[in-house]
Amino acid sequence: MKSTMNRLMLAAGLATLAGPALAHPGHGGLVSGVMHPLMGADHLLAMVAVGLWAGVTGRPAAVATFLAAMAAGAGLGLAGVSLPLVEPAILASVVVFGLAVAMARAGSAAALGAVALFALAHGQAHAAEATGATGLFLAGMLAATAALHLAGYALAARLAGNRVAQGLIGGGVALSGLWLALG
């Protein structure tokens, strides 16, 4: 238990160093696409939280839903369709996904719909920041996002029903989202 808590504290500390909440525009290429979700705290926290929520609730469809909707949001952005309130939706997703982890609620089809709506916003933001080799950027972004989801899912397996740790991690993610929104 102590080793797990030490790892969680280290992960939380590293997450605070992930970079500015809102990533900077003007990225292109595969490496930039892979790095982008890792460099913004809002993206990093939301992506890991989706995987963690999917793992603690036994709803792996949340991961597939997020990836598909994020790709759709990126496609809309590249096609020139602009969604409203993208940045507030991204920050809200961090809070909502954190609370979902803390409460470990499986939810319903409506919960997957919320995952999809938030993912559309994440995809739109990523597409807005892609320049140059946008196809490679988006492929890298999807690969990194999938890896972050899988990291969250793996963390859920390690927690294996430890409701206290789930609550602490989820609450920490939600509070981080509030801090990012207010900062």
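Below, all heavy atoms of this structure are taken into account, side chains as well, without hydrogens, waters or symmetry copies. Predicted, not measured: the structure shown is a model, and the values here were computed from it.
Not counting sequence neighbours, the partners of A92 by the side-chain contact (heavy atoms from CB on, under 4.5 Å) test are F118. Not counting sequence neighbours, A114 has no partner by the side-chain contact (heavy atoms from CB on, under 4.5 Å) test. Scanning for side-chain contact (heavy atoms from CB on, under 4.5 Å) contacts around V86 gives L83, I90, A121, Q124, A125, with sequence neighbours left out. Take L148 and apply the side-chain contact (heavy atoms from CB on, under 4.5 Å) test, not counting sequence neighbours, and it matches P37, L38, L44, M47, V48.
Rounding to the nearest 0.5 Å places CE of M70 at 8.5 Å from CG of L138. Atoms CZ and CG, from R158 and L52 in turn, are 13.5 Å apart once rounded to the nearest 0.5 Å. Atoms CH2 and CD, on W53 and Q166 in that order, are 13.0 Å from each other to the nearest 0.5 Å. Here L180 contributes atom CG and L175 contributes atom CG; the two are 11.0 Å apart, rounded to the nearest 0.5 Å.
Note: the hydrophobic cluster containing V115 also contains V96 (ILVMFWY, side chain heavy atoms under 4.5 Å, direct or indirect links). Under a hydrophobic-cluster definition in which Ile, Leu, Val, Met, Phe, Trp and Tyr are linked whenever side-chain heavy atoms come within less than 4.5 Å, directly or via other members, L159 and L150 are assigned to different clusters. Under the 4.5 Å side-chain heavy-atom criterion for ILVMFWY residues, no single connected hydrophobic cluster contains both M39 and V34. Tracing side-chain contacts under 4.5 Å through hydrophobic residues (I, L, V, M, F, W, Y), one reaches W179 starting from V173; they form part of the same cluster.
Nearest heavy-atom pair across A54 and V63 is CB-CG2, 3.9 Å. For the residue pair G33 and A144, the shortest heavy atom distance occurs at O-CB, 4.4 Å. For the residue pair V94 and A46, the shortest heavy atom distance occurs at CG2-CB, 4.1 Å. The heavy-atom pair separating G177 from V95 by the smallest distance is C-CG2, 3.7 Å. Scanning all heavy atoms of the two residues, the minimum distance from L45 to S176 falls at CD1-CB, 3.6 Å.
Pairs of residues two or more places apart, or lying in two chains, that qualify as side-chain hydrogen bond (donor to acceptor under 3.5 Å, both in side chains) and include a residue from residues 93-104 are S93-H122. The ring-ring contact (aromatic ring centres under 6.0 Å, His included) analysis of residues 141-160, with sequence neighbours excluded, yields the pairs F66-H149.
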*Decide yes or no on side-chain contact (heavy atoms from CB on, under 4.5 Å) for V50 and T145, but give the supporting numbers first.*
CA-CA 10 Å; V50 167; T145 297; over 6 Å; no
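In this structure, E87 and D42 have side chains that are in contact, with non-hydrogen atoms separated by less than 4.5 Å.
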